Number of protein chains: 2
Amino acid sequence: MPVTIKDVARRAGVSPSTVSRVIAGSGVISRATRERVAAVLKEMRYHPNAVARSLIRREAGIVGLSISRPASDAFANAFFTEVIRGIGDEVGAAGLDLLLSMSATPQEEQEHCLRLLRSRRIDGVIVSTARVADDLLKTLDQEGFPAVVVGRPPAGTRMSWVNNDNVAAGRMATEHLVSLGHRHIGLISGAEELSFCRDRYRGYAMALSAAGLEPEPVAHVVHFTRQDGFDAARRLLRDRPRVSAVVAVDDTLATGALQAARALGRRVPEDLSLVGFNDDPFAASLDPPLTTVRIQVYDMGRQAARILLRLVAGTAKLLRYRSAAELVVRATTCPPGGPR
Amino acid sequence: MPVTIKDVARRAGVSPSTVSRVIAGSGVISRATRERVAAVLKEMRYHPNAVARSLIRREAGIVGLSISRPASDAFANAFFTEVIRGIGDEVGAAGLDLLLSMSATPQEEQEHCLRLLRSRRIDGVIVSTARVADDLLKTLDQEGFPAVVVGRPPAGTRMSWVNNDNVAAGRMATEHLVSLGHRHIGLISGAEELSFCRDRYRGYAMALSAAGLEPEPVAHVVHFTRQDGFDAARRLLRDRPRVSAVVAVDDTLATGALQAARALGRRVPEDLSLVGFNDDPFAASLDPPLTTVRIQVYDMGRQAARILLRLVAGTAKLLRYRSAAELVVRATTCPPGGPR
DNA sequence: CTGAAAGCGCTTACAG
DNA sequence: CTGAAAGCGCTTACAG
């Protein structure tokens, strides 16, 4: 049996209220009692019961992070691990704890998150995957739970979010290729219901249309894995032989595309230029080093947590943060046919 | 204000006890009241308060997972992400939740875990990194908290753990190289305080000594990153030019070593054989595909969780699970000088 | 400055 | 079968 405040009170010859006040550092307690109680606290190795406190304070002191992809590809992707790191640092600094909810499907995610929130097990939630039509986000909005999305929530929801401008980012990546002289530029992307995929596609299409070019049919992947990137690139390069440059919405996909190009006997960048997204840790050490759009993923995690904490504390109702994106030109892009 | 059991009781015209019994599915309640209460429950959208329940049941319903490396390299490593996935699946299936505790140092880890446990915020903890002299594990053992280590706990602690036989695994990797005819075999490893590094070293040394060979000076890394693997391999290959084969205790390190070999103009496997550990998802798609010792990481996560749940439930006191390891020969190993 | 009382939202013997 | 009471471990007005 763990020692309770009552045990301490009895031993110190005071009331539980007094012990509680000493623990809380209430200035009102006389020095003598404070010291005596403090000594007993220490001697008995008292540790406050977080659950009892939560019940009174009506806050769990825990925030949730929901990851709804099959964890196999979520965790394998540096994007998520960096986001988690940012969230963890910020949440920890605030003295709160982080509960991890993993779900394989949007339905499961919805159930998990709502159960956690409704049962007051968590005070708020960060949702790491935004879908174009997201029931969870809508419900969160309606029921007024503190929540922030990493990504773009469905239109019409009054949600807090943290995002980078994926339209602009997609445009930036594509414009780079256009400016190098490419006329046939392909795109490897994920499901259309994923907001960031849709947005990057729009940026891609805008850049092309501004240059008077036509988009190629998108090569879709199901999972954000190297293998899926490989397969998608192979299909794309076979079906559209004139494609001289490819944008992949994720560095892991780009890595797969790089291998596919090799497998088809195409040199990168001479025969095929390639741009990724995220600037994952490995991007710079690929062979050749990958040109990519750097997203400030760790920072997005921190900002998401910072916002959530403010929502939970009630010091804000709605907060949004747009993070920066930067094109990092390395060695997988050059004019069609080779440098110069 | 969320609706409580009292609100429901009032509306349904029964006592809170009765409502509670209906929720718990107590068979003793009359059909009529059961149905009436159930209707009100639904109508009022009642959701039980997990915190209040935890207080009574004296269990949080949450288990912790502690990750103590700098998250930057922990998460980037497929080992951890697979472990998390296994744990998450098992914990979720049992209807419990998972709290993630990340710490940058062993000291921080100790503080975090003990706070979580002592404050009864979590019912037990899975510690994902075992150190040779681990204060945390010793304290966990002494204070009798349900805990399981992924890896080998310090000698003398009566802890539950899940591990693969790293001595045998290190030996298996090295014997493979010996049997190919290598006489000068290097090792890239992490800090000696990490149990799995120490164990794999022992296996490595045993295999060599059985063949009448001498170990090379170990090339140590600080972080389990590609970069550190690169640097360590470069040092090793420069200092010990006769080394014709290298064992890296981790696939990510092996990837760095592969790049270092290339940078030094050594072909793999003709001029340098390379064996990794873990069979990370990318291992098979490296160029050339990596020979590695496959560890059943997902399974280790599941087993760790399964054991922890039994400790928490009190249906066991001490449980240990040794998982299998398997040598997967791919294309980074061959006899010195090239095939045949 | 300190204590007794009430209460956070539940559950569960104990009566009836 | 159902309710009143006690209690999980704390906090906090309210008295004094």
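Chain A is the first sequence line, chain B the second, and so forth, proteins listed ahead of strands; every chain is numbered from 1. Note that this is a predicted model, so its numbers are computed, not measured. Atom set for the values below is all heavy atoms of this structure, side chains included, hydrogens, waters and symmetry mates excluded.
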- prompt: Is A/T33 touching bases, backbone alone, or none of the nucleic acid, heavy atoms closer than 4.0 Å?
  reply: sugar-phosphate
- prompt: What nucleic acid atoms does A/R21 come within less than 4.0 Å of, heavy atoms only: base, sugar-phosphate, or nothing?
  reply: base
statement: When B/L55 and B/G13 are each assigned the nearest nucleotide of DNA chain D, the 5'-most assignment goes to B/G13
Any side-chain donor near an acceptor of the partner, A/S119 and B/R53, under 3.5 Å: no
- request: Name the residue closer to the 5' end of DNA chain D, choosing between B/V14 and A/K6 according to the nucleotide with the nearest heavy atom.
  value: B/V14
query: For DNA chain C, what is the dot-bracket line, given that a base pair needs Watson-Crick (N1 to N3, plus N6-O4 or O6-N4) or G-U wobble (N1-O2 and O6-N3) geometry with both distances under 3.5 Å, and | means paired with another strand?
result: |||.||||||||.|||
- request: Identify whether any heavy atom of A/T4 sits under 4.0 Å from a base atom; if not, whether one sits that close to sugar-phosphate; answer base, sugar-phosphate or nothing.
  value: sugar-phosphate
message: What contact category does B/I29 fall into here, base, sugar-phosphate, or nothing, at under 4.0 angstrom with non-hydrogen atoms?
response: sugar-phosphate
task: Taking only Lys NZ, Arg NE, NH1 and NH2, and the carboxylate oxygens of Asp or Glu, determine whether B/R121 and A/D97 approach each other closer than 4.0 Å.
output: yes
query: With sequence neighbours left out, what residues match A/R31 under side-chain hydrogen bond (donor to acceptor under 3.5 Å, both in side chains)?
result: A/E35
task: Can you sort out the partners of B/R10 under salt bridge (Lys or Arg N to Asp or Glu O under 4.0 Å), two or more places apart, ordered by chain and number?
output: B/D7
- prompt: Just checking A/S30: base, sugar-phosphate only, or nothing, at a heavy-atom cut-off of under 4.0 Å?
  reply: sugar-phosphate
- line: B/E59 meets the salt bridge (Lys or Arg N to Asp or Glu O under 4.0 Å) criterion, sequence neighbours left out, with none
- prompt: Taking atom types as modelled, is there a side-chain donor on B/N164 or B/Y321 under 3.5 Å from an acceptor on the other?
  reply: no
field: B/Q296 versus B/S323, side-chain donor and acceptor atoms under 3.5 Å
entry: no
Outermost DNA chain C nucleotides near chain A [under 4.0 Å, heavy atoms]: C/dC1 to C/dG9
statement: Here the gap from B/R131 atom CZ to B/L194 atom CG, rounded to the nearest 0.5 Å, amounts to 6.0 Å
message: Need one value for B/P2: base, sugar-phosphate or nothing, where a base atom within 4.0 Å counts as base even if backbone is also close, heavy atoms only.
response: nothing
side-chain hydrogen bond (donor to acceptor under 3.5 Å, both in side chains) against B/T33, all qualifying residues, sequence neighbours excluded: B/S30
